Undergrad: 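Pasting a structure below so you can have a look.
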Amino acid sequence: MTKIILSGANGKMGKVIARCTEERNDCEIVAGVDLNTQAYSDFDIYPSFSECGESGDVIVDFSNPAVLDGMLDYALKTNTPVVIATTGYSPEQIEKIQKAAEQIPVFFSFNMSLGVNLLVSLAKKAAEVLGGQFDIEIIEKHHNQKIDAPSGTALMIADAINDTLDQTQKYMYDRHAQRKKRDKNEIGIHSVRGGTIVGEHEVIFAGHDELLSLKHQAMSKEIFAVGAVNAAVFLKGKPAGIYDMGKMI
Ligand SMILES: NC(=O)C1=CN([C@@H]2O[C@H](COP(=O)(O)OP(=O)(O)OC[C@H]3O[C@@H](n4cnc5c(N)ncnc54)[C@H](OP(=O)(O)O)[C@@H]3O)[C@@H](O)[C@H]2O)C=CC1
Ligand SMILES: O=C(O)C1=N[C@H](C(=O)O)C[C@H](O)C1
């Protein structure tokens, strides 16, 4: 039985995770952390990690970048593995996560769905073949409650393509102020926000008279919850290091 501490317990994803663990017999939530400490299930919710009086086997985090420092302090002090799904981190925060992974197991992915993991592989393959000849643009669409833009997944896809193309690409987030043609070595990244869109990511490779499009559409938040809970069960007992979807499936 994997005992989970749920960070962001009162958020949209936190509540889906709580529901998802109730249907499983290999894990349970023993405590939550959230600014809103109102309990809705049979575990207590603490306002911060420094006030969390429980211990668990793994922390699962869908919260806010502001939680990172306190969460990593707690995880390092108590030697607790962490599944980090939150997006919107600064480069310094990402470095901090990587440093923590030298001491504890950290599962870190901006998208916990199976399909996006495959989309990343397909986009890398397409970039290998078409990079340099086709223009690459990423369009992400999310609900109107999302705080960060572009999405963590859009950046993860762009980084994977850029790795394949030997870091030759610049990211272009906004052409509003541009008074020039598109640069050959750029990846355009565009964000749409509206309604209850769960999450869509499309990568287009636009060439002369032809266009290739790779698209993933999330139909529910459950796909992320299932991936994150599977990651928590997978992470228990693993040695220190950085893990992602590719290492789990
Ligand atoms: N990797 C993946 O597959 C996925 C990642 N995500 C990411 O997960 C994160 C959460 O998403 P979602 O559940 O939709 O967002 P919500 O805003 O619904 O939930 C976040 C929760 O964290 C709480 N919170 C914010 N700041 C703090 C703080 N300083 N200390 C303690 N709790 C805090 C919020 O409280 P309050 O509302 O009071 O601010 C809220 O209850 C986002 O970064 C999102 O991008 C989402 C889906 C999939
Ligand atoms: O905030 C969300 O909802 C989501 N965020 C993640 C991201 O920023 O990529 C993943 C998913 O698309 C849903």
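When a ligand or atom number is given, it counts from 1 through the structure's own listing order. Bear in mind the structure is a predicted one, so any value in this text is a computation, not a measurement.
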Undergrad: F62 versus ligand 1: do any nitrogen or oxygen atoms come within less than 3.5 Å of each other?
TA: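 Among all N and O atoms of F62, none is under 3.5 Å from an N or O of ligand 1.
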Undergrad: Give a yes/no on ligand 1: does D34 have at least one heavy atom closer than 4.0 angstrom to it?
TA: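 Yes; D34 lies near enough to ligand 1 that a heavy-atom distance drops under 4.0 Å.
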Undergrad: Which atoms of ligand 2 have any heavy atom of H201 under 4.0 Å away?
TA: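 Result: 12 (O).
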Undergrad: Note the single closest protein heavy atom to atom 45 (O) of ligand 1, along with its residue, its atom name and the distance in Å.
TA: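 Nearest neighbour among protein heavy atoms for atom 45 (O) of ligand 1, to 0.1 Å: T87 OG1, 2.6 Å.
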Undergrad: Under the 3.5 angstrom rule, does the side chain of D69 hit a backbone N or O of L72 as a donor-acceptor pair?
TA: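 Answer holds: no.
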Undergrad: Polar-atom distance check: S113 versus ligand 1, any N or O pair below 3.5 Å?
TA: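 For ligand 1, there is no N or O atom that lies under 3.5 Å from one belonging to S113.
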Undergrad: Does atom CD (Q38) have a neighbourhood of more than 12 heavy atoms from anything else shown, all under 6.0 Å?
TA: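 Atom CD in Q38 is not packed in, count stays at 12 or less.
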Undergrad: By number and element, which atoms of ligand 2 are closer than 4.0 Å to a non-hydrogen atom of S151?
TA: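 In order of number, 7 (C), 8 (O), 9 (O).
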Undergrad: Side chain of N36, backbone of N10: donor and acceptor closer than 3.5 Å?
TA: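 Between the backbone of N10 and the side chain of N36 there is no qualifying donor-acceptor contact (under 3.5 Å).
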Undergrad: Does a side chain donor of either H208 or E210 reach within less than 3.5 Å of an acceptor in the other side chain?
TA: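 There is no such pair (donor and acceptor under 3.5 Å, judged by atom type) between the side chains of H208 and E210.
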Undergrad: When you measure from atom 12 (P) of ligand 1 to every protein heavy atom, which one gives the shortest distance, and what is it?
TA: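 The closest one turns out to be M13 N, 4.1 Å.
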Undergrad: In the protein, which heavy atom is nearest to atom 29 (N) of ligand 1, and how far is it?
TA: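 The answer is V67 CG2, 3.8 Å.
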Undergrad: Please classify the M13 to ligand 2 contact at 4.0 Å (heavy-atom distances, strictly less than): side chain, backbone, both or neither.
TA: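 None of M13 does.
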Undergrad: Check this for me: does any side-chain nitrogen of one of K3 and D57 sit under 4.0 Å from a carboxylate oxygen of the other?
TA: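 Result for this pair is no, no salt bridge flagged.
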Undergrad: Would a 4.0 Å cut-off, counted as strictly less than, catch a protein heavy atom around atom 14 (O) of ligand 1?
TA: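 Given the 4.0 Å cut-off, atom 14 (O) of ligand 1 counts as touching protein heavy atoms.
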Undergrad: Within the 4.0 Å heavy-atom shell around N10, which atoms of ligand 1 are there?
TA: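 Those qualifying, in numeric order: 41 (O).
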Undergrad: Compute the shortest N/O to N/O distance between F224 and ligand 1 and return yes if it is under 3.5 Å, no if not.
TA: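 N/O-N/O distance below 3.5 Å does not exist for this pair.
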Undergrad: Would you say the side chains of N111 and S113 form a donor-acceptor pair under 3.5 Å?
TA: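 Side-chain D/A pair, N111 to S113: present.
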Undergrad: Can you tell me which residue and heavy atom of the protein come closest to atom 1 (N) of ligand 1, and the distance to 0.1 Å?
TA: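 Minimum-distance protein heavy atom for atom 1 (N) of ligand 1 reads A85 O, 3.0 Å.
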Undergrad: Counting only heavy atoms, tell me which of K15, K221, M156, K12 gets closest to atom 18 (O) of ligand 1.
TA: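 Among K15, K221, M156, K12, the closest heavy atom to atom 18 (O) of ligand 1 comes from K12.
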Undergrad: Tell me whether M112 reaches ligand 2 (any heavy atom closer than 4.0 angstrom to a ligand atom).
TA: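 Judged by the 4.0 Å heavy-atom criterion, M112 does not count as contacting ligand 2.
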Undergrad: May I ask you to check whether Y46 and F43 place their ring centres under 6.0 Å from each other?
TA: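 Ring-ring flag for F43/Y46: false, centres at least 6.0 Å apart.
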Undergrad: Determine whether the side chain, the backbone, both or neither of T153 has a heavy atom under 4.0 Å from any heavy atom of ligand 2.
TA: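 The answer is both, backbone and side chain.
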Undergrad: For S109, is the nearest heavy atom under 4.0 Å from an atom of ligand 1?
TA: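 Flag set, S109 near ligand 1.
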Undergrad: Using a 3.5 Å cut-off on N or O atoms only, is G152 in polar contact with ligand 2?
TA: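 The answer is yes, given that G152 and ligand 2 share an N or O pair closer than 3.5 Å.
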Undergrad: Between K146 and ligand 1, find which residue part has any heavy-atom pair under 4.0 Å and reply side chain, backbone, both or neither.
TA: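 The part of K146 near ligand 1 is the side chain, not the backbone.
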Undergrad: Is it true that K170 and D183 have a side-chain N and a carboxylate O under 4.0 angstrom from each other?
TA: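 Looking at K170 and D183, the cut-off is not met.
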Undergrad: Tell me whether T86 has any N or O atom under 3.5 angstrom from an N or O of ligand 1.
TA: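 Looking only at distances, the answer is no, because the N/O contact criterion of under 3.5 Å is not met.
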Undergrad: Show the numbers, then the answer: is there a side chain to side chain donor-acceptor pair (under 3.5 Å) between T86 and D61?
TA: CA-CA 6 Å; T86 298; D61 173 59; 2.8 Å; yes
Undergrad: Quick check: does P47 get an N/O under 3.5 Å from an N/O on ligand 1?
TA: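 It does not: no N or O of P47 is found under 3.5 Å from an N or O of ligand 1.
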Undergrad: Record the part of H142 in heavy-atom contact with ligand 2 below 4.0 Å; permitted values are side chain, backbone, both and neither.
TA: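 For H142, the contact with ligand 2 is made by the side chain alone.
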Undergrad: Considering only protein heavy atoms, which is closest to atom 5 (N) of ligand 2, and at what distance to one decimal place?
TA: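 Ranking protein heavy atoms by distance from atom 5 (N) of ligand 2, first comes K146 NZ, 3.1 Å.
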Undergrad: Relative to F234, does K238 satisfy both conditions: NZ or CZ under 6.0 angstrom from the six-membered ring centre, and within 45 degrees of the ring's axis?
TA: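 Ring-cation test returns yes.
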Undergrad: Can you report which non-hydrogen protein atom sits closest to atom 6 (C) of ligand 2, along with the distance?
TA: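 It is F110 O, 3.7 Å.
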Undergrad: Do Q169 side-chain atoms and N162 backbone N/O form a donor-acceptor pair below 3.5 Å?
TA: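 Flag not set: sc Q169 to bb N162 has no pair under 3.5 Å.
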Undergrad: For H190, what residues pass the side chain to side chain contact (heavy atoms under 4.5 Å, CB included) criterion, not counting sequence neighbours?
TA: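 Expected list: E137, I139, R175.
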Undergrad: Looking only at protein heavy atoms, identify the closest one to atom 19 (O) of ligand 1 and say how far it is in Å.
TA: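 Answer, as residue, atom name and distance: G11 CA, 3.2 Å.
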Undergrad: Which residue owns the protein heavy atom closest to atom 2 (C) of ligand 1, what's the atom, and how far is it?
TA: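 That would be F110 O, 3.5 Å.
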Undergrad: How are the rings of F49 and Y74 set relative to one another: parallel (under 30°), tilted (30 to 60°) or perpendicular (over 60°)?
TA: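 F49 vs Y74 ring planes: tilted.
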Undergrad: Do me a favour and list the nearest non-hydrogen protein atom to atom 2 (C) of ligand 2 with residue, atom name and distance?
TA: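 Residue, atom and distance for the closest contact: H143 NE2, 3.5 Å.
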Undergrad: Nearest heavy atom to atom 10 (C) of ligand 1: which of G8, S63, P65 does it belong to?
TA: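 Looking at heavy atoms only, the winner is S63.
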Undergrad: Run the side chain to side chain donor-acceptor pair (under 3.5 Å) test on Q178 and H176 for me, step by step, so that the C-alpha distance in whole Å, both residues' side-chain angles and the decisive distance to 0.1 Å come before the verdict.
TA: CA-CA 6 Å; Q178 298 288 312; H176 176 74; over 6 Å; no
Undergrad: So which heavy atom on A9 is nearest to which on I45, and how close?
TA: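 In terms of heavy atoms, the two residues are closest at CB-CD1, 3.9 Å.
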Undergrad: Indicate whether any N or O donor in one side chain lies under 3.5 Å from an N or O acceptor in the other, for T78 and T80.
TA: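 A donor-acceptor contact under 3.5 Å links the two side chains.
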Undergrad: Write out the residue and atom name of the closest protein heavy atom to atom 3 (O) of ligand 1, then the distance separating them to 0.1 Å.
TA: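 Going by distance alone, atom 3 (O) of ligand 1 is nearest to M112 N, 2.8 Å.
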Undergrad: Decide yes or no on side chain to side chain donor-acceptor pair (under 3.5 Å) for D148 and T87, but give the supporting numbers first.
TA: CA-CA 7 Å; D148 55 313; T87 57; 2.7 Å; yes
Undergrad: Do S191 and E140 have side-chain N/O donor and acceptor atoms under 3.5 Å apart?
TA: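 Indeed, the side chains of S191 and E140 share at least one donor-acceptor pair under 3.5 Å.
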Undergrad: When you look for heavy atoms under 4.0 Å from ligand 1, do you find them on the side chain of N64, its backbone, both, or neither?
TA: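 Within the 4.0 Å criterion, N64 contacts ligand 1 through side-chain atoms alone.
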Undergrad: Assess N36 for proximity to ligand 1: is some non-hydrogen atom of it under 4.0 Å away?
TA: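 It does not; every heavy atom stays at 4.0 Å or beyond.
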Undergrad: So which heavy atom in the protein is nearest atom 36 (P) of ligand 1, and how far is it from that ligand atom?
TA: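 Going by distance alone, atom 36 (P) of ligand 1 is nearest to L35 CD1, 4.4 Å.
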